[in-house]
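Worksheet: the structure to be examined is printed underneath.
The model shown is predicted, which means the values in this text are computed figures rather than measured ones. Throughout, numbering of the chain's residues begins at 1 and tracks the sequence.
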Amino acid sequence: DDWVSTVAFWYQDEPVELTEGIAPVEERTPPYRVMPAADILVGAEPEEGLSTSGPQVEYTPGHSDTELTFEFEVDEPGLYQINAMIMHSVFSSIYQPYLNGEPLGEAMDLNMTGADPLWVRFDLHELDAGTHTLSFEGVGASPNQRTKAPDFYAFGMHYLILLRMEDFDGYQGALNRILD
């Protein structure tokens, strides 16, 4: 119910049998819906520079006045945690995320040394059943951009990851305790 896991070690003099078993991993893992970005309907404006590589959608438009949109389906209404594995690299820039046309927090500076997909959390959102859009608008170069790096204004997403909170064991009990 509390969604917290810990490990403790101690020294035991005599062996003791466990009286309760540990639940199978399937029951202890949040029921994430992991969607490869390449399998999601994606659109870009302009379209030049849009490609896929494995599960990843890559976008290198060469300028910042851009928009990349992912359309995804939700089968059941509910409170959803929305996450994505988004590429951060020396060739990336600043993008403003939107959910169904509404801004999701502040613009994200995706520029960093190297090239790594990082987990990005877009908080919790009430979603109706049906089609939704997660979009990213290019808003400029990063102040951290290397002086000799090409202006790719790159964006990459490996996975869109949804978690419907009502499907997560213990969520309703924890919510009720908080509200009581």
Side-chain angles (χ1 to χ4, degrees), residues 3-7 25-26 28-75 79-125 127 131-165 167-168:
W3 308 347
V4 175
S5 298
T6 61
V7 176
V25 70
E26 297 81 23
R28 294 181 279 130
T29 304
Y32 287 112
R33 179 176 164 210
V34 180
M35 297 173 276
D39 293 348
I40 301 170
L41 181 60
V42 62
E45 186 59 44
E47 290 184 18
E48 297 83 33
L50 183 62
S51 63
T52 59
S53 175
Q56 180 177 346
V57 168
E58 298 171 340
Y59 189 44
T60 53
H63 55 88
S64 66
D65 187 21
T66 60
E67 185 173 20
L68 191 63
T69 302
F70 296 88
E71 289 188 9
F72 63 96
E73 296 291 325
V74 169
D75 294 331
L79 182 63
Y80 284 82
Q81 183 188 86
I82 301 174
N83 310 286
M85 291 297 293
I86 295 180
M87 183 60 70
H88 292 65
S89 79
V90 71
F91 303 114
S92 298
S93 61
I94 300 175
Y95 281 85
Q96 173 64 54
Y98 293 88
L99 177 63
N100 299 324
E102 296 295 322
L104 288 175
E106 296 181 10
M108 305 180 308
D109 188 343
L110 303 177
N111 186 277
M112 69 176 239
T113 303
D116 292 303
L118 300 176
W119 184 282
V120 176
R121 179 169 286 136
F122 294 112
D123 210 354
L124 298 172
H125 301 275
L127 298 179
T131 303
H132 297 274
T133 60
L134 180 62
S135 58
F136 300 89
E137 179 182 300
V139 294
S142 170
N144 302 316
Q145 183 173 343
R146 299 260 176 120
T147 56
K148 299 293 183 185
D151 293 330
F152 287 143
Y153 295 92
F155 181 94
M157 186 163 84
H158 287 250
Y159 299 97
L160 177 61
I161 306 157
L162 302 178
L163 176 60
R164 184 173 177 270
M165 300 307 291
D167 295 338
F168 193 19

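Counting heavy atoms from C-beta outward, Glu137 and Val139 have side chains that approach closer than 4.5 Å. Residues Asn144 and Asp109 form a side-chain contact, since some pair of their non-hydrogen atoms from C-beta on lies under 4.5 Å apart. Residues Ser135 and Glu67 meet the side-chain proximity criterion, which asks for heavy atoms closer than 4.5 Å. With contacts defined as side-chain heavy-atom distances shorter than 4.5 Å, the pair His125/Tyr80 does not qualify. No side-chain heavy atom of Thr60 sits under 4.5 Å from any side-chain heavy atom of Phe91.
Thr113 OG1 to His88 NE2: the interatomic distance, rounded to the nearest 0.5 Å, is 12.5 Å. Of the inter-residue distances, the one linking Arg121 atom CZ with Leu104 atom CG reads 13.5 Å to the nearest 0.5 angstrom. Distance check, rounded to the nearest 0.5 Å: CG of Leu110 to OG of Ser93 gives 7.0 Å. Atom CE of Met165 is separated from atom CG of Leu124 by 5.5 Å, given to the nearest 0.5 angstrom. Taken from CG in Leu134 to CG in Asn100, the straight-line distance is 9.0 Å, to the nearest 0.5 Å. Here the CD1 atom belonging to Ile94 is positioned 10.5 Å from the CE atom belonging to Met108, to the nearest 0.5 angstrom.
Summarising the geometry of Leu68 relative to Ala44, their closest heavy-atom pair is CD1-CB, 3.7 Å, with the distance given to 0.1 Å. The nearest pair of heavy atoms linking Ala107 to Gln96 is N-OE1, 3.1 Å. Between Tyr95 and Pro97, the shortest heavy-atom contact is O-CD, 3.5 Å. Considering all non-hydrogen atoms of both residues, Glu48 and Tyr59 come closest at O-CE1, 3.5 Å. Taking all atoms of both residues into account, the shortest heavy-atom contact from Pro36 to Val34 is CD-O, 3.8 Å. When all heavy atoms of Gly54 and Ala38 are compared, the pair lying nearest together is O-CB, 3.5 Å.
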Check against side chain to side chain contact (heavy atoms under 4.5 Å, CB included), His132 and Val74
CA-CA 8 Å; His132 297 274; Val74 169; 3.7 Å; yes

Give the intermediate values and the outcome of side chain to side chain contact (heavy atoms under 4.5 Å, CB included) for residues Phe136 and Ile86.
CA-CA 11 Å; Phe136 300 89; Ile86 295 180; 4.0 Å; yes

Quick one: side chains of residues 149-161, donor-acceptor pairs under 3.5 Å with protein atoms, not counting sequence neighbours, listed by atom name and distance.
| from | atom 1 | to | atom 2 | distance (Å) |
| --- | --- | --- | --- | --- |
| Asp151 | OD1 | Gln145 | NE2 | 2.7 |
| His158 | NE2 | Gln56 | OE1 | 2.8 |

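Using modelled atom types, one finds no donor on one side chain facing an acceptor on the other under 3.5 Å when comparing Asn111 with Ser92. For Thr133 and Glu71, the side-chain atoms include no donor-acceptor pair closer than 3.5 Å.
Screening Leu127, Val120, Leu163 against Ile82 for a side-chain contact (heavy atoms from CB on, under 4.5 Å) leaves a single residue, Leu127.
Gln81 is linked by a side-chain hydrogen bond (donor to acceptor under 3.5 Å, both in side chains) to Asn83, counting only residues two or more places apart in sequence or in another chain. Residues passing the ring-ring contact (aromatic ring centres under 6.0 Å, His included) test with Phe70: none are found, sequence neighbours excluded.
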